[in-house]
Amino acid sequence: MLAKLFSWWSGATIGTLFTVAKRGRLVGTDEQGNRYYESRDTQSYDGRRRRWVIYDGYAEATKVSPDWHGWLHYTFDEPPTEMALPRQTWEKDHLPNLTGTPLAWRPPGSLLTTGKRPAATGDYEAWTPE
């Protein structure tokens, strides 16, 4: 309970959830569990309804898929729950940023990869001071 009251890194705080319940309207949820809201009033500076996301767990912007990103930034008027984007055959599924996780990509020769480094070839000549 104290973590929910004072911390934001494991999800929204109680104050944020209270404000969202008071001012927001749930528009939809994505496959990662993020919830998307739109304000009930038009108190934005440009007369549009404000849009925001409440992350499921750690707040990481790359957890938002491209279709919801377009809706959040007013590129699309309809949310993906009402009108989904057409998928191309070459498109891959959305992945969040995996940097710093065990699933991060590590190139060959990296010190963090498992296994051995490749042996040095004969074209390397060590520098020695004169």
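For clarity, every value in this text was computed on a predicted model and none was experimentally measured.
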(request) Without swapping roles, check the side chain of Thr62 against the backbone of Asn97 for a donor-acceptor pair under 3.5 Å. (result) yes
(message) With side-chain contact (heavy atoms from CB on, under 4.5 Å) as the criterion, how do Thr99 and Trp105 come out once you've worked through the C-alpha distance, each side chain's angles and the decisive distance to 0.1 Å?
(response) CA-CA 8 Å; Thr99 302; Trp105 182 76; over 6 Å; no
(request) Give a yes or no on whether Arg49 atom CZ has more than 12 heavy-atom contacts from other residues, nucleotides or ligands under 6.0 Å away. (result) yes
(request) Would you mind reporting whether Asn34 and Thr29 have side-chain heavy atoms less than 4.5 Å apart? (result) no
(request) Please tell me if the side chains of His94 and Pro66 come closer than 4.5 Å, counting only heavy atoms from C-beta onward. (result) yes
(request) Could you tell me whether a side-chain N or O of Glu82 sits under 3.5 Å from a main-chain N or O of Pro79, the two making a donor and an acceptor? (result) no
(message) Do the side chains of Asp41 and Arg23 get close enough for a salt bridge, i.e. N-O under 4.0 angstrom?
(response) yes
(message) In the structure I gave you, are the side-chain heavy atoms of Trp52 and Ser39 within less than 4.5 Å of one another anywhere?
(response) yes
(request) Would you indicate whether the side-chain heavy atoms of Arg35 and Val53 approach each other to under 4.5 Å? (result) no
(request) Output the distance between atom CG (Leu26) and atom OG1 (Thr81), rounded to the nearest 0.5 Å. (result) 9.0 Å
(message) Closer than 4.0 angstrom, basic N to acidic O: yes or no for Asp67 and Arg87?
(response) no
(message) Less than 4.5 Å apart, side chain to side chain, heavy atoms only: is that true for Ile54 and Tyr36?
(response) no
(message) Is the terminal nitrogen or CZ of Arg48 (NZ for Lys, CZ for Arg) located under 6.0 angstrom from the six-membered ring centre of Tyr74 and within 45° of that ring's axis?
(response) yes
(request) Please tell me if the side chains of Glu31 and Ser65 come closer than 4.5 Å, counting only heavy atoms from C-beta onward. (result) yes
(message) What's the separation between atom CZ in Arg40 and atom CZ in Arg25, rounded to the nearest 0.5 Å?
(response) 9.0 Å
(request) Assess whether side-chain contact (heavy atoms from CB on, under 4.5 Å) is satisfied between Phe76 and Leu85, documenting all intermediate values. (result) CA-CA 10 Å; Phe76 314 123; Leu85 285 177; 3.7 Å; yes
(message) When you measure from the side chain of His73 to the backbone of Trp68, do you find a donor-acceptor pair of N or O atoms at a distance under 3.5 Å?
(response) no
(request) Would you check if the side chain of Lys63 reaches a backbone N or O of Tyr58 as a donor-acceptor pair within less than 3.5 Å? (result) yes
(message) Please determine whether residues Tyr55 and Leu72 belong to a single hydrophobic cluster, defined as Ile, Leu, Val, Met, Phe, Trp and Tyr linked transitively by side-chain heavy-atom distances below 4.5 Å.
(response) yes
(request) Would you indicate whether the side-chain heavy atoms of Arg51 and Tyr37 approach each other to under 4.5 Å? (result) no
